[in-house]
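Down below is the structure, laid out as structure tokens.
Every chain is numbered from 1 and lettered A, B, ... according to where its sequence line falls, protein lines coming before strand lines. The figures here come from the full heavy-atom set of this structure, side chains too, leaving out hydrogens, waters and symmetry mates.
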Amino acid sequence: MVDIMDVKDHVGQEVEIRGWLYNRRSSGKLQFLILRDGSGLIQVVLAANSVSPDDFAAGNRLTQESSVIVTGVVRADSRAPGGFELTGTSLRLVSLAGEYPITPKEHGTEFLMDNRHLWLRTPRQEAIMRIRQEVTLGLRQWLADRGFIEMPSPILTPSSCEGTSTLFETTYFERKAYLSQSGQLYAEAAAMALGKVFTLGPTFRAEKSKTRRHLIEFWMLEPEIAFCDQAENMVIQEEMISYVVQRVLANRAAELAVLERDTAPLQKVTPPFPKIMYDDAVELLKRKGHEFNWGDDFGTPHELAITEEFEKPVFVVGFPTAIKAFYMQPFPERPEIVLAADLLAPEGYGEIIGGSQRIHDLDLIEQRIKEHNLPRADYEWYIDLRKYGSVPHSGFGLGIERFVSWICKLEHLREAIPFPRLLNRIYP
RNA sequence: UCCGCGGUAGCUCAAUGGUAGAGCAUCCGGCUGUUAACCGGAGGGUUACAGGUUCGAGCCCUGUCCGCGGAGCCA
């Protein structure tokens, strides 16, 4: 048995391919079967004198997406898509497919989303999923190589992590529980145990967001590092992002080609990334004619206006304390801003990372929990981290689907995850 | 939640208020190098739903539902 992607290494040999019929063309005594097996596409030529009459007839009855096992001799042929093809020697039907909804013609997104379980079989979706795997593998590899330990955080939580976004409520036997919207607080505890850690898992936001940049359920990577300040935090981010982008360029060139992704902008993604103070970003926006006041949070048009000034991802540093989470460390000498930075991706993809140095002072964290009206009882364990050997520490959250969408230059986040949960969609 | 656009065959889309159409898919037939193959034939419709105007509504009006795009919020 040979994967289609490896067929090119078996020229002149007879190989067995197990897969599904992607498309079929026939010229009477000659059939062209395009097979897919998840690793690629290949054309199998069935001639009346190359296979038995029964196998030839079976080929004629094949419907789109029928599963088959074929054997054939590999031949280089410029007329074949991909340059290699099989001269079929046998064909065995595994299962005859019924009328397949996704035809070789174009379809609308609503229909494709209703058939997401089948849509995943198309070459474009395969390419995106392979790139997604390269991204998560690359992130894990880069972190593991630097001594980070993967520490999963719980999905069922007793209360909000940040007390801001809307949470999904569920029941935990006799009491209420919530689906996690961030693993960060748990990552902080883990960092005090193992030094350098990360959590990678699903997070849930019950916000009625309805844009191409939002998912209800999405995956987030959240590294957390003890004895790390915000400057070091940003170095980690820019080196990790650059490594993964360059790795995808090196290992997934074929998939990027399927997506017709212009790789020139990605090749420029190398450390260091430009940094702009929030203060200066406000001035930049005013200069470009935006109505924007110091203290406002960025909307989509503002992120676009900032990122179009740069070719690489750009850090916006020093946000107003009032618009950021309760746990962020104030700037030295400037309590009105925090040691936090958002990383904005180029080409209109916006925020892919939010990171900060965390408050390590016991009195200040207690004060902030009070100011934000958070239920102190739920945060006792978090406060403990400041009681027992507190150290300066930093971390960040990376949105996996936004990162993948940018690398693939997707129109919509829904294609970056196998089964997207959207505002009006929980099927399939 | 707000603003805008849309819903016709399994799919993608046509159709001056006057007989419901095409391509793809499916089925039948033809073709020994096809490239979203091609050629001939067949079947396939509660025009989202509910009302209304009209001699006559896919088309005009009202309401509802659903979807898409954008905003806000965020990764």
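- Evaluation of atom-type donor-acceptor distances gives no pair under 3.5 Å for the side chain of R213(A) against the base of G72(B).
- A donor atom on one side chain and an acceptor atom on the other are found under 3.5 Å apart for Q125(A) and R116(A).
- One donor-acceptor pair, N or O on each side, does fall under 3.5 Å between the base of C74(B) and the side chain of R402(A).
- Pairing for C31(B) is absent, with no Watson-Crick or G-U wobble pair whose two atom distances lie under 3.5 Å.
- Residue E99(A) is classed as a base contact, given a heavy-atom separation below 4.0 Å to a base.
- Neither OP1 nor OP2 of A75(B) sits under 4.0 Å from any side-chain N or O of R212(A).
- Closest-nucleotide positions on RNA chain B for F298(A) and Q64(A) were compared, and the one nearer the 5' end corresponds to Q64(A).
- With hydrogens and angles ignored, no donor-acceptor pair under 3.5 angstrom links the side chain of Q31(A) to the base of G33(B).
- A close approach under 4.0 Å does not occur between any side-chain nitrogen or oxygen of T211(A) and OP1 or OP2 of A71(B).
- A sub-4.0 Å separation between OP1 or OP2 of G69(B) and a side-chain N or O of R414(A) is present.
- Using N1 to N3 plus N6-O4 or O6-N4 for Watson-Crick, or N1-O2 and O6-N3 for G-U wobble, each under 3.5 Å, C55(B) pairs with G18(B).
- Defined by atom type and a distance below 3.5 Å, a donor-acceptor pair is present between the side-chain atoms of E14(A) and T89(A).
- Spacing between atom CD of E65(A) and atom C1' of C11(B) amounts to 15 Å, rounded to whole angstrom units.
- Base engagement by E85(A) is indicated by at least one non-hydrogen atom pair under 4.0 Å involving a base atom.
- Counting any heavy atom pair closer than 4.0 Å across all strands shown, D342(A) reaches no nucleic acid atom.
- Taking the C1' atoms as reference points, U16(B) lies 37 Å from C2(B), given to the whole Å.
- Annotation: C49(B) and U8(B) have their P atoms spaced 10 Å apart (nearest Å).
- Donor-acceptor pairing under 3.5 Å, judged by distance alone, is present between the side chain of H214(A) and the base of C74(B).
- Rounded to the nearest Å, the gap between the C1' atom of U34(B) and that of G30(B) is 15 Å.
- A donor-acceptor contact shorter than 3.5 Å is absent between the side chain of S356(A) and the backbone of R358(A).
- Between S182(A) and the phosphate of A75(B), there is no side-chain N or O to OP1/OP2 separation shorter than 4.0 Å.
- Nucleotide A50(B) is matched to U62(B) when pairs are restricted to Watson-Crick or G-U wobble geometry with both distances under 3.5 angstrom.
- Nearest nucleotide to the L30(A) side chain, out of C27(B), U34(B), U32(B): U32(B).
- Nucleotide C73(B) holds its P atom 16 Å from the CD atom of Q181(A), rounded to whole Å.
- For the C1' atoms, the distance from C3(B) to A42(B) is 48 Å, rounded to whole Å.
- Summarising the geometry, the separation between OH on Y100(A) and P on U26(B) is reported as 13 Å, rounded to the nearest angstrom.
- Rounded to an integer number of Å, the gap from I216(A) CD1 to C74(B) P is 15 Å.
- Using a 4.0 Å heavy-atom cutoff across all strands shown, S26(A) reaches at least one base atom of the nucleic acid.
- Less than 6.0 angstrom separates the ring centroid of H290(A) from the ring centroid of H302(A).
- Comparing the same atom, C1', in G41(B) and in C31(B) gives a spacing of 16 Å after rounding to whole Å.
- A gap of 26 Å separates the P atoms of A22(B) and G6(B), to the nearest Å.
- Comparing L423(A) and S27(A), the nucleotide of RNA chain B nearest to each residue sits closer to the 5' end for L423(A).
- The CG-C1' distance, from D297(A) to C73(B), rounds to 9 Å in whole Å.
- Residue-nucleotide stacking is not present for F32(A) and G33(B), judged by a side-chain ring centre under 5.5 Å from the six-membered base ring centre and planes under 30° apart.
- Partner assigned to C11(B) is G23(B), using Watson-Crick or G-U wobble distances below 3.5 angstrom.
- Base contact: L413(A) has a heavy atom under 4.0 Å from a base atom.
- The backbone N or O of F56(A) sits less than 3.5 Å from a side-chain atom of Q31(A), completing a donor-acceptor pair.
- Atom CG in L422(A) sits roughly 12 Å away from atom P in G70(B) (whole-Å rounding).
- C68(B) is paired with G4(B) under the criterion used here, namely a Watson-Crick or G-U wobble arrangement in which both key atom distances are under 3.5 Å.
- Side chain of K176(A) to backbone of E169(A): no donor-acceptor contact under 3.5 angstrom is found.
- For the pair D114(A) CG and A48(B) P, the computed distance is 17 Å after rounding to whole Å.
- The side chain of T103(A) sits closest to A25(B) out of U32(B), A25(B), G33(B).
- Within 4.0 Å of I102(A), counting heavy atoms only, lies no atom of the nucleic acid at all.
- Two rings, from F298(A) and Y278(A), have their centers less than 6.0 Å apart.
- A15(B) and U53(B) have their C1' atoms separated by 22 Å, given to the nearest Å.
- Of the candidates U32(B), A75(B), U12(B), U32(B) carries the atom nearest the K29(A) side chain, counting heavy atoms from C-beta on.
- Counting any heavy atom pair closer than 4.0 Å across all strands shown, G299(A) reaches sugar-phosphate atoms only and no base atom.
- Using C1' as the reference atom, C13(B) and A25(B) are 15 Å apart when rounded to the nearest Å.
- Note on R334(A) versus E336(A): salt bridge recorded, some NZ/NE/NH1/NH2 to OD/OE distance being below 4.0 Å.
- A ring-centre distance under 6.0 Å is not found for F198(A) and W142(A).
- Protein atom CG of L304(A) is 13 Å distant from nucleotide atom C1' of A71(B), rounded to whole Å.
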